[in-house]
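Structure first, then comments.
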Amino acid sequence: MIDGVIALYIFMLAAFTGYEVISRVPVILHTPLMSGSNFIHGIVLVGAMVALATADSTLVRVIGVIGVFLAAGNAVGGYVATERMLQMFVAAGKKKGKT
Amino acid sequence: MDYAHSAQELVQLSYLAAAFLFIVGLKRMSSPLTAVSGIRWAGVGMVLATIVTLLYVGLGDNPNVRLNVALIVGAIAAGGVLAWVSGKRVAMTDMPQMIALYNGMGGGAAAAISAVVLYGGTEQSVTHLTIAAVGGFIGSVSFSGSLIAFGKLQGLITKSVRFSGQKLVNLAILLATIGFGIAVVSGYSDGPLAVSLFFGFALLLGIAMTLPIGGADMPVVISLYNALTGLAVGFEGFVLDNAAMIIAGTVVGAAGTLLTQLMAKAMNRSLANVLFANFGESSGGGASTVTGSQKPIEASDAGVMLAFSQKVIVVPGYGMAVAQAQHKVWELCQLLIEHGVQVKFAIHPVAGRMPGHMNVLLAEAGVPYELIADLDEINAEFDTADVALIIGANDVVNPDARTNKASPIYGMPILAADKAKNVIVIKRGQGQGFSGIDNALFVLDNTRMLYGDAQSAVGQLIQAVKAAG
């Protein structure tokens, strides 16, 4: 479906995008940001789902279940961790507004 | 056929939307004001992609589709609930190792996709198999390496395993992995045994690479594995023809690489240095040049000193994070502010366990932004400070980094705490810090040491300041 050269274009543009988006981030957000990007590669979940869906042997099925389990942990854990951290910045910002 | 085709197109469109939401989300995460909305946008993208994918695979014509979909739902529920509960419960100070853990899971998932492709023996082109194998290799290293990083930060693994010839052993493991990888991809030996050995050696490499790395370098390593997982996801996305995975994985790979470089630079370390040399090895010669003795101070005296200062600059470090003393520290500072003392926090870029981690902890304690200054802003101000209060920080205030060319941290940008009129250092004991380097600041004439765990020492200071009236 995705032609080889087209895939390379996607790679290239996505790489520039990632580099540019991050380069403007202040240091205080580096840890939440690492956590946020950690969440985003949780999209591996959809790949793991597709891989498990096509399973037709026990071995592949077991690996697929492990994959989906791990990917779901990546996505959900990454989201919870990032949101909790960022929520604190909101709280600190509001206190600042009051004083 | 038409129906299947349009369903396929709908899936692709939802992936496009997800990729868009991820990038917008990352962008919004780059400012404190929009950051929370950023992660939510990205979250919407993830939920959209997951639901559409589930519906799509549920409509497949594989005879096992019911069983497989049931397994998918079960595995998502199990992994999701575990991660949700652990992520909600963990203390903020332990966040870095949780990031390592979740990241490792992503790497493991990418490796699992690769394993399905390689074990499955489906008729794929050599190009596809190669990309699958490379992604599987990177994902496996990231998986086992991240778990070791988690173990180290969690305190489950306390030793850094080092032995002579370690690099040669690691090289041998790497070559074995590549050898089996080539055998599998070329079809020379594509039985399950070769595939298993390929993954086994890749996992071993992640463990062997990470074990010798010391705790101080862990943030850089976690960031690197984060980038690697992104890359692995991107590669597996190509294998599965999945544009959302290619885009999201590559964006994270590029962003993570930049973030890793920024962190290594702030620590005055090159990435190669972190991975292939150890702090202990390089520090032997220059470490013993610090002479003089540390001069202790009682909490009551330190409290008086603080209470009658005009200006105090607080330098929090790893020790404050470990002792979870951020709330106490802010309580002390509020007390000082009531006394008319001007208080500022000086944050070194790599203070704490990760860049920005200290800001997260101070934000948790409720410290307002405007009291927090970074390295460049604050360094000119130490001259005017009566007291620099160092709480569990060490290398980031070591003046040797400026003056002693033999020191392993020579050249690292540091906070000029030694320029303050008085320095009070809260430290657990007389030993060396994380990196095992002696600190010239601790023996200066104007430095006083307050020994104790950051939590209890700051508690004593609070009492002392109250007593000072």
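Here is how names work: the chains are called A, B, and so on, in the same order as the sequence lines, proteins then strands, and each is numbered from 1.
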Open item on the list: Looking only at the side chains, is there a donor atom on one of A:His41 and B:Asn103 sitting less than 3.5 Å from an acceptor on the other?
Closed with: yes
Task: Test item: A:Leu13 and B:Thr250 side chains (from C-beta on) under 4.5 Å apart, heavy atoms - done: no
- [ ] To the nearest 0.5 Å, tell me how far B:Lys27 NZ sits from A:Ile22 CD1.
- [x] 10.5 Å
Task: Heavy-atom pair count under 4.5 Å with chain A, highest-scoring of B:Ala254, B:Ala109, B:Ser31, B:Ala232 - done: B:Ala109
Task: For chain A, the option from B:Thr127, B:Val81, B:Val57, B:Ile99 that forms the most heavy-atom pairs under 4.5 Å - done: B:Ile99
Open item on the list: Distance check, rounded to the nearest 0.5 Å: A:Phe39 atom CZ versus B:Tyr102 atom OH?
Closed with: 13.0 Å
Task: Max heavy-atom pair count under 4.5 Å with chain A, selected residue of B:Thr229, B:Ile247, B:Leu240 - done: B:Thr229
TODO: Among B:Ser223, B:Ala115, B:Gly249, B:Ala77, single out the residue with the greatest number of heavy-atom pairs under 4.5 Å to chain A.
DONE: B:Ser223
Open item on the list: Please classify the contact of A:Arg84 with chain B as side chain, backbone, both or neither, using a heavy-atom distance under 4.5 Å.
Closed with: both
TODO: Work out which heavy atom in A:Ser37 is nearest to a heavy atom in B:Asn226; give both atom names and the distance.
DONE: OG-ND2, 3.0 Å
- [ ] Count the heavy atoms belonging to other residues, nucleotides or ligands that lie under 6.0 Å from CH2 of B:Trp41, then report whether that count exceeds 12.
- [x] no
Open item on the list: Restricting to non-hydrogen atoms, name the atom on B:Ala42 and the atom on A:Ile40 that form the minimum distance, rounded to 0.1 Å.
Closed with: CB-CG1, 4.4 Å
Open item on the list: I need the residue from B:Gly45, B:Gly139, B:Ala83, B:Ala227 with the largest number of non-hydrogen atom pairs under 4.5 Å to chain A.
Closed with: B:Ala83
